[in-house]
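Okay, so here's the structure we're looking at.
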Amino acid sequence: MELQTQFVDVIIPQAIPGLLTYRVPRSTEFPVKIGQRVVVPLGKSKLLAGIIRHVHTSAPRKYEAKYLESILDENPVINEQQLLLWEWIASYYCCTLGEVMNAALPSGLKLSSETKFALNIDFEDQPWSTKEETVINAMRARGRMTVQDVSEVLELKNVMPILRDLIKKGVINSEEEIREKFKPKLVEYLKLGPIANTDEKLQIVFAELEKRKAQKQSDALMVFLRLSEWDQGRNAEVERLKLQKEQIVSGTVSAMIDKQIFELHTKEIGRLPQHLMASDKPKALSEAQQNALNSIESLWKEKDVCLLHGVTSSGKTEIYAALIEKALAENKQVLFLLPEIALTTQIIHRLRKFFGKRVGVYHSGYSDNERTEVWQKVLSNIPGECDVILGARSALFLPFTRLGLIIVDEEHEHSFKQHDPAPRYHARDTALWLARQTNANVLLGSATPAIESFWNATQNRYGLVTLSERYGAMELPEVVLCDLRIDIKAKTLKNNFSAKLFEEMKTAVEAGEQVILFQNRRGYSPLWECQTCGWIPTCTRCDVSLTYHKQAALLKCHYCGYSTPPVVSCQACGSRDMKMLGFGTEKIEEDLAEFLPDVKVQRMDLDTTRSKSSYQKIISDFEGGYTSILVGTQMVTKGLDFDNVSLVGILNADKMMNYPDFRSIERSFQIMTQVAGRAGRKKKRGRVLIQTYNPEHWLLDMVIKGDYNAFYEKEIKERYQFSYPPFMRLMKITIKHKEENVAERAATAISKLLQPQLTDRILGPEKPYIPRINNYYLQQFLIRLDKKAESAELKHRIIEQIRDVLMTTEFKQVRLSVDVDPV
Ligand code: ADP
Ligand code: ZN
Ligand code: ZN
């Protein structure tokens, strides 16, 4: 019987709309399976690794299928459930599967788009063509080479046929790089060799060493026996490094390996911490917490999703721990999503105390190898290892097979949404979809739920459980306003501190208590202004003012990364009278050093937390009481649990409330309430001071009262009135071009096409708040969509139409980005 040719449809990690079909060679390394990684050619000279999505026998009609180059995995690394998730994201968020793939795979499993080739060590010599000879010699000299490199050496454009031949002949290898990317960590260890592995043999060896006066080797053997707690018959082993730590030089050991006194072995060990033992049981819940837990569980019988609205410090984390314990007892996997890495350090610690190494951490602050290892652990699905995954949004993409519970902590957080690049997905919403697919329960937790989530709860789509008291009957903090206008009149401002905030801060610190200060701007000063003509230094590539960073001695753009030394005189009129307006966290830190020189202050913002360990250090210094005042951006507002904070200062409430966005009120309420919630969690009632020029603002009144419901009622009415979410869905379309008039003309063309169809559903085109970023001029549309099913189709139709407009030569260089449910 003639075997039919097989074809595979492959997901390519690029922004290509569809899948590409490849022909499977008659003989392959492994049989093809869905979810395997394969290397495939793309275009003239590129080799890429993609994922097999379908296996079939029908040749593509529109093009001649190329052969796939090689198969990388014997068994799939991506399961069907994951592929369905990718497809949902691509469809809902209007992006390509390749873009989702890029976000989903840890780079340890990804292949560089420019795959490298290297010589195999043991290929057979045979007569070569001149070109082959050249390639082989070049690789001998240079090691790995990309297609591009080979192309340059041969001065030839299409080198693929030559490389392919060399692969076939077993001379070079395209996968090496790929396989090597994830390197398990190896350790060397020693065992007793064949001449020394019993007590009798050992005695002979010792006698021999003594006779030859080989004192060092004799010592080494003694140390080995001690470290291995030698007991005949047991297969004793000692890490080679441990001997070195005992002052045994490596050369001595090598000599003994040669003599077969020792045998050298290597062993793969995990990078994930091994020493983690669960040391504690989850805490006994208070009555209120137990009631909440019971309600959650009984609501889950009817609804998959529960919203836990628990005030700050009500002990939501303890409830999560209890639910995780139950899920594990049922042999389920748990996904615990957090919006930001800053939060994970404390929670990791809290959960590891209960669940030990069952807790795996997965987020971008971890190295690729660490992430790949967690991925492999989840894939291999060993009960008791990595079955509680704590992570940021990318953890959604892990190869779960028995997911039973997803917890989304701080579910209101905007950083659950990915902004750039595509896929612009919302991790909470994606988690809801994933949970439906896998029959997992979902718990959304927050002290300040997102308007959308609370709406869903009021509509009975989610169960709602409320915890309105803090654990241990601690009172919620008292919130007080500081009217900055009074300070200005009375001339009592100390730089950016009102007299009241300054005095209370001093008192608190003197009493041995701690203070958190929140300012939502990093850097020293966001604005310099010439006092003569009003000139402001702005980014050369973006329409934003540059922020002065004093320590770095630079003016920096927070949008594109551009930086330049600070100006001493006005670039417009030459005046030297430049004044700094506004202030960031760096300035606050400096003011504190000046006014309270003996007080230990630390700053937590993007500039001070570039590495995983810097977060940890700042947090543990504050936890340990080494630091008295913590100054920070929104990073200090969420989730952190400190015992000794009695005072929280919000340095400027006005800026956030006035930001031109329909969510700025919601966001301001959340940020203020959350940061306030860091105060007075354990010892005595905390206090929160909010500095403002506008103390009459209704929102501040709600923050003072801690009245979420009042805030919600007011906000939901606005949303209804202006047809904002949750009543409609939004899709933001941004186009950009290096020339302003091209961007404008393209926007007009799009508008002409869509306006008649969408009428009042389309807003724009308009320039966004920041009209130029990184030398691109932006134009934006906002499209309102119904929540009905047909809107899914409409979304794609609109985007197709826009793409058609942008296909014309005039607009070829216009870039398009689509953001569904923008936040
Ligand atoms: P939330 O997440 O709601 O802000 P946490 O879970 O951080 O609150 O709890 C606040 C503090 O109270 C934490 O230090 C926590 O350990 C403590 N706590 C909460 N519930 C209990 C409990 N049942 N037993 C002991 N301590 C608790
Ligand atoms: Zn000037
Ligand atoms: Zn810029």
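All values below come from the heavy atoms of this structure, side chains included, with hydrogens, waters and symmetry mates left out. Every number for a ligand or one of its atoms is a count from 1 in the order of the listing.
- Interface atoms of ligand 1 facing S286, defined by a heavy-atom separation under 4.0 Å, are 23 (N).
- The backbone N or O of S314 sits less than 3.5 Å from a side-chain atom of Q289, completing a donor-acceptor pair.
- Not close to ligand 1: G310, with no non-hydrogen atom less than 4.0 angstrom away.
- The Zn ion (ligand 3) has an N, O or S atom of C542 under 2.8 Å away, backbone or side chain.
- Side-chain atoms of T633 and N520 include no donor-acceptor pair closer than 3.5 Å.
- At a 4.0 Å heavy-atom cut-off, ligand 1 does not touch A447 at all.
- Side-chain atoms of T448 and Q670 include no donor-acceptor pair closer than 3.5 Å.
- Interface atoms of ligand 1 facing G315, defined by a heavy-atom separation under 4.0 Å, are 1 (P), 3 (O), 5 (P), 6 (O), 8 (O), 9 (O), 19 (C).
- Counting atoms of ligand 1 from 1 in the listed order, those under 4.0 Å from a heavy atom of T317 are 2 (O), 5 (P), 6 (O), 7 (O).
- At a 3.5 angstrom cut-off on N or O pairs, R350 counts as close to ligand 1.
- When SG of C560 and SG of C539 are joined through the Zn ion (ligand 3), the resulting angle is 100° to the nearest 10°.
- The set of protein atoms (N, O or S) found at less than 2.8 Å from the Zn ion (ligand 2) reads C530 SG, C533 SG, C570 SG, C573 SG, by chain and number.
- The side-chain hydrogen bond (donor to acceptor under 3.5 Å, both in side chains) test with S453 is passed by exactly one of E411, H309, H412: E411.
- Other residues, nucleotides and ligands place more than 12 heavy atoms under 6.0 Å from the CD atom of Q531.
- With a 4.0 Å cut-off on non-hydrogen atoms, K283 touches ligand 1 through its side chain and not its backbone.
- Just one residue in the list R470, R681, Q674, R678 forms a side-chain hydrogen bond (donor to acceptor under 3.5 Å, both in side chains) with T312, and that residue is R470.
- Between F669 and F711, the angle of the ring planes stays under 30°, which puts this pair in the parallel group of the 30/60° scheme.
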